[in-house]
Amino acid sequence: MILKKLSALLLGAACLAISVGAAVGCGENEPEPEKEELMTYHEYNLKTYLSPLWKGEVVYNETLWFAGSQTASLMYEPTEIVSVMSYDLKTTFEEDTDYIVDGKDIIIPENGKIPYLSPSELYRTSPMNSFVQALRRGEDGQPDGYIYADEGSTISAQQVVVTYRHKDQITWNLPKVETAKFPKTMAKLNGGEKIKVLFYGDSITVGANSSEFIGYGPRAESYANMVKSYMQKRFPSATIDFKNNAVGGTDSNWGINKKTGLAGIDNIEAAEGNHFEKRVLNENPDLLFIAYGMNDQKYDATEYKQNIKEMIEGVRAKNPDVEIMLVSGMIANPETYFDNKDYEAYQNALLELSKDYENIGVATVYNSVKSVYTKKRFVDCTANNINHPNDYMMRVYAQTVLYSLFGADYIDHI
């Protein structure tokens, strides 16, 4: 017993003696592990925005919108708040004055400068304007007034972005690595050859409501343009011809040049001929991204699958060597009538098609979005509060596509 006490005293004395230095093995005197070095976050930076949200100890510019509540929750529990800024990254907010941190919650105190939308403003008796009329779907499925929704920068201007450190992790349904399905694409890119890359889909692929698209800070790129910029940066010797032929408001029927019976869709470019021939077949791409689904409210997964199948077979008939990435979609606002379809069934249809044809992969964006929504609200990830992603969710799209196309370590190559 005496020996044990003596040993303990000697160990304590040793720790005390070296406490002014780099003590090792002495409990609270052990040096803390080095923190992950911060990347650029006070302006749009490609590598920062493409860094996987499921890796590392720092989340950059995660968006929050205090819509209907003065409290909004982060995806992870922060150990350190690095910054809280306005969406355009021009204004920095102060802790305890403009916001309070309580676990994962960011709370706006009285007289805080962060924008707040009251419940009566969020849930309205009339639409905000004639252009955007979003009916709210009540719990009984019947209309229950309108929901705050708009295009342009109206909603983005109310959102904030939070950069923070964390130690906890959440379960992500990660994408599949589909690189092996794109041998010709990889050969051309790695060989410094010429390659034509084409995007085809609806308004999300156009880039609608990304800050780049609406001309609002920080002017972060749409997901398609982030993919483009990544490929240009990673493969500077290749001659990459990019074209984005997506059209807002369209669905998979329009995409294959079928009538939908919906004037709002059928009248888009009605006098300009065969959409699919003009926008895809005549382009003769080497790598084609097809991203439809958000506007396919009237169709079940069987019809949706048939439309995508006809696109695949149509482009392959003209160019058997084309490689295709099918992109599943995000989820519309569940409080609106836009959210009235089975997104998972659509993604499953794409996965089935990828098994039926060679050199066709799937970027499972739906899975990534679902992972986000286990921890975050829809309002934190939207720029129109109906069906368009903000910059944060555009990043989820881009990260999923790049993971699928280039592998889990894609970020290490730029």
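When reading the values below, keep in mind they use all heavy atoms of this one structure, side chains included, and skip hydrogens, waters and symmetry mates. Being a predicted model, the structure only gives us computed values, none of them experimental.
Between the side chain of S51 and the backbone N or O of K47, at least one donor-acceptor pair lies under 3.5 Å. The backbone N or O of T91 lies less than 3.5 Å from a partner atom in the side chain of S86, making a donor-acceptor pair. Distance alone, capped at 3.5 Å, is enough to place a donor-acceptor pair between the Y337 side chain and the G141 backbone. A donor-acceptor distance shorter than 3.5 angstrom exists from the side chain of N319 to the backbone of P285, with no hydrogens or angles considered. With Y230 contributing its side chain and A398 its backbone, the two residues share no donor-acceptor pair below 3.5 Å.
Listed by chain and number, the residues in a salt bridge (Lys or Arg N to Asp or Glu O under 4.0 Å) with E36 amount to none (sequence neighbours excluded). Annotation: salt bridge (Lys or Arg N to Asp or Glu O under 4.0 Å) contacts of K318 (sequence neighbours excluded): none. Residues passing the salt bridge (Lys or Arg N to Asp or Glu O under 4.0 Å) test with K196, sequence neighbours excluded: E283. R377 pairs by the salt bridge (Lys or Arg N to Asp or Glu O under 4.0 Å) definition with D380, not counting sequence neighbours. Qualifying side-chain contact (heavy atoms from CB on, under 4.5 Å) partners for Q158, counting only residues two or more places apart in sequence or in other chains: W65, P115, L117, Y148, T154. Under the ring pair (Phe, Tyr, Trp, His ring centres under 6.0 Å) criterion, Y299 pairs with no residue, sequence neighbours left out.
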Please determine whether side chain to side chain contact (heavy atoms under 4.5 Å, CB included) holds for the pair Q347 and N367, giving the CA-CA distance in whole Å, both sets of side-chain angles, and the decisive distance to 0.1 Å. CA-CA 9 Å; Q347 179 174 272; N367 285 348; 2.9 Å; yes
Full working for side chain to side chain contact (heavy atoms under 4.5 Å, CB included) between Y223 and V396: CA-CA 8 Å; Y223 90 84; V396 172; over 6 Å; no
Passes side chain to side chain donor-acceptor pair (under 3.5 Å), Y397 versus S368? Steps please. CA-CA 8 Å; Y397 264 82; S368 300; over 6 Å; no
Yes or no on side chain to side chain contact (heavy atoms under 4.5 Å, CB included) for E221 and L46, after CA distance, side-chain angles and deciding distance? CA-CA 8 Å; E221 294 176 290; L46 181 67; 3.9 Å; yes
After noting the C-alpha distance and the side-chain angles of D202 and T250, does the key distance pass the side chain to side chain donor-acceptor pair (under 3.5 Å) rule? CA-CA 5 Å; D202 54 33; T250 62; 6.0 Å; no
Go through the steps to decide whether W172 and L53 satisfy the test side chain to side chain contact (heavy atoms under 4.5 Å, CB included), and finish with yes or no. CA-CA 9 Å; W172 282 79; L53 291 164; 3.9 Å; yes
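Judged by distance alone, the side chains of T336 and N333 never bring a donor and an acceptor atom under 3.5 Å apart. Between the side chains of T260 and D266, a donor-acceptor pair is found at a separation under 3.5 Å. Checked by atom type, the side-chain pair N390/Q159 shows a donor-acceptor distance below 3.5 Å. Counting only N and O atoms by type, the side chains of S371 and N173 include no donor and acceptor under 3.5 Å apart.
Between E313 and R316 there is no salt bridge, since no side-chain nitrogen of the basic residue lies less than 4.0 Å from a carboxylate oxygen of the acidic one. A salt bridge links K278 to E272: one of the charged nitrogens lies within less than 4.0 Å of a carboxylate oxygen.
Between T79 and Y164 there is no side-chain heavy-atom pair separated by less than 4.5 Å. The closest side-chain heavy-atom distance from F276 to L281 is below 4.5 Å. In this structure, the side chains of M393 and T382 stay at 4.5 Å or more apart for every pair of heavy atoms. Counting heavy atoms from C-beta on, the side chains of V162 and N61 never come closer than 4.5 Å. Between E43 and P218, the closest side-chain pair of non-hydrogen atoms is not below 4.5 Å. Within the 4.5 Å cutoff, side-chain heavy atoms of V101 are placed close to those of P78.
Identified under the salt bridge (charged side-chain N to carboxylate O under 4.0 Å, His left out) test for residues 76-86, with sequence neighbours left out: K35-E80, E80-R165. Here side-chain hydrogen bond (donor to acceptor under 3.5 Å, both in side chains) pairs that include residues 92-117, with residues two or more places apart or in two chains, are S73-D105. Applying the salt bridge (charged side-chain N to carboxylate O under 4.0 Å, His left out) rule to pairs touching residues 116-136 yields R136-D144, R136-E335, sequence neighbours excluded. Under the salt bridge (charged side-chain N to carboxylate O under 4.0 Å, His left out) criterion, the residue pairs touching residues 345-365 are K305-E352, with sequence neighbours excluded.
Shown are I106, V379, T71; of these, the side-chain contact (heavy atoms from CB on, under 4.5 Å) with F66 is made only by I106. Screening N359, L287, I360 against F182 for a side-chain contact (heavy atoms from CB on, under 4.5 Å) leaves a single residue, L287.
Between the CE atom in M294 and the CD1 atom in I204 there is a gap of 4.0 Å [rounded to 0.5 Å]. One finds the NZ atom of K228 at 12.0 Å from the CE atom of M226 (value rounded to the nearest 0.5 Å). Note that the CD atom of Q232 and the CD1 atom of I414 stand 12.0 Å from one another [nearest 0.5 Å]. With rounding to the nearest 0.5 Å, the separation of OG in S237 from CD in E193 is 11.5 Å.
Nearest heavy atoms, M128 versus A149: SD-O, 3.2 Å. Considering all non-hydrogen atoms of both residues, M231 and I240 come closest at O-CD1, 3.7 Å.
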Show me the donor-acceptor pairs, under 3.5 Å and distance only, between side chains in residues 401-411 and residues at least two apart or in other chains.
{"residue": "S404", "atom": "OG", "partner": "T400", "partner atom": "O", "Å": "2.8"}
{"residue": "D409", "atom": "OD2", "partner": "H413", "partner atom": "NE2", "Å": "3.2"}
{"residue": "Y410", "atom": "OH", "partner": "L50", "partner atom": "O", "Å": "2.6"}

Distance-only check: which donor-acceptor pairs under 3.5 Å involve side-chain atoms of residues 208-215, not counting sequence neighbours?
{"residue": "N209", "atom": "OD1", "partner": "H388", "partner atom": "ND1", "Å": "2.6"}
{"residue": "N209", "atom": "ND2", "partner": "E151", "partner atom": "OE1", "Å": "3.4"}
{"residue": "N209", "atom": "ND2", "partner": "G152", "partner atom": "O", "Å": "3.4"}
{"residue": "S210", "atom": "OG", "partner": "G207", "partner atom": "O", "Å": "2.8"}
{"residue": "S210", "atom": "OG", "partner": "F213", "partner atom": "N", "Å": "3.2"}
{"residue": "S211", "atom": "OG", "partner": "R219", "partner atom": "N", "Å": "3.1"}
{"residue": "S211", "atom": "OG", "partner": "A220", "partner atom": "N", "Å": "2.7"}
{"residue": "S211", "atom": "OG", "partner": "D391", "partner atom": "OD1", "Å": "3.3"}
{"residue": "S211", "atom": "OG", "partner": "D391", "partner atom": "OD2", "Å": "2.7"}
{"residue": "E212", "atom": "OE1", "partner": "S222", "partner atom": "N", "Å": "3.1"}
{"residue": "E212", "atom": "OE1", "partner": "N225", "partner atom": "ND2", "Å": "3.0"}
{"residue": "E212", "atom": "OE2", "partner": "N225", "partner atom": "ND2", "Å": "3.3"}

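In this structure, K258 places its NZ atom where more than 12 heavy-atom neighbours from other residues, nucleotides or ligands lie under 6.0 Å away. Within 6.0 Å of NZ on K370 lie no more than 12 heavy atoms contributed by other residues, nucleotides or ligands.
Between Y292 and Y200, the ring centre distance stays below 6.0 Å. A distance of 6.0 Å or more separates the ring centres of Y60 and Y49.
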